[in-house]
Amino acid sequence: MVNDKIFELRKEIDIVDRELLQKLRSRFMISEEMGKIKAVNNIAVSDAEREVELKSLHKQWSGQLGLDEELVKELFDLIIKKSKNIQTK
C-alpha cells in the first residue's frame with residue numbers, strides 16, 4: 001500500500017518534470033527567435049536592465065510561491081546563461 005502511493009507520487013513527479021522540460025524547451029525556442037531578431041537589427045544579446053528586471057521578478061515570484069530564493073536565482077542564472085548562448089548562434 002505504501003509502495004503503491006510512492007509509485008503514484010513518482011508518476012506525478014515524472015509528469016511535472018516533463019512539463020518543466022517542455023516549458024524550458026519553449027523558452028529556449030523563444031530565445032533563439034529573439035537572437036535572430038537581435039542579430040538582424042544589430043542589438044546586443046546582453047541587456048543588463050532586463051536581467052535586473054528578471055532577477056527582481058524571479059525573487060518576487062519565488063517568495064510568493066514559497067520557493068527557496070537562492071535556488072530560484074541559481075536556476076535562472078543557468079537558464080539566462082544558456083539563453084544568451086542560444087541567442088549568439
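- Residue M1 holds its CE atom at 13.0 Å from CD1 of I6, rounded to the nearest 0.5 Å.
- By the salt bridge (Lys or Arg N to Asp or Glu O under 4.0 Å) test, K82 is found to be paired with no residue, residues two or more places apart in sequence or in another chain being considered.
- Between D17 and L20 the shortest side-chain heavy-atom distance falls below 4.5 Å.
- With a 4.5 Å cut-off on side-chain heavy atoms, F28 and L24 count as touching.
- Through ILVMFWY side-chain contacts below 4.5 Å, M34 is grouped with nothing and stands alone.
- The pair R10-D14 does not meet the salt-bridge criterion, since no charged nitrogen lies less than 4.0 angstrom from a carboxylate oxygen.
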Taking distance alone, no hydrogens or angles, what donor-acceptor pairs closer than 3.5 Å link side-chain atoms of residues 62-69 to residues at least two apart or in another chain?
unit_1	atom_1	unit_2	atom_2	d
S62	OG	H58	O	3.1
S62	OG	K59	O	2.9
D68	OD1	E70	N	2.9
D68	OD1	L71	N	2.7

Q: Kindly determine whether E8 and K11 satisfy salt bridge (charged side-chain N to carboxylate O under 4.0 Å, His left out), including the steps that lead there.
A: CA-CA 5 Å; E8 289 301 316; K11 283 175 43 178; 3.7 Å; yes
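- For the pair E51/K84, a side-chain contact is recorded, criterion being any heavy-atom separation below 4.5 Å from C-beta on.
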**Q.** D77/K73 under salt bridge (charged side-chain N to carboxylate O under 4.0 Å, His left out): CA gap, chis, key distance, verdict
**A.** CA-CA 6 Å; D77 284 348; K73 180 192 176 304; 2.8 Å; yes
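- The existence of a salt bridge linking E53 and R50 is confirmed by a sub-4.0 Å separation between a basic side-chain nitrogen and an acidic carboxylate oxygen.
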Got a list of side-chain donor-acceptor pairs under 3.5 Å for residues 35-45, not counting sequence neighbours?
unit_1	atom_1	unit_2	atom_2	d
K38	NZ	V45	O	3.0
K38	NZ	Q87	OE1	3.0
N41	ND2	I37	O	2.8

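- Considering only residues two or more places apart in sequence or on other chains, Q22 meets the side-chain contact (heavy atoms from CB on, under 4.5 Å) condition with R18, E19.
- The two residues L54 and R27 make their nearest non-hydrogen contact at CD1-NH2, 4.3 Å.
- Under a 4.5 Å side-chain heavy-atom criterion applied to ILVMFWY residues, the cluster that includes L57 comprises W61 as well.
- Separation of atoms OG1 (T88) and CG (N85) is listed at 5.0 Å; rounding is to 0.5 Å.
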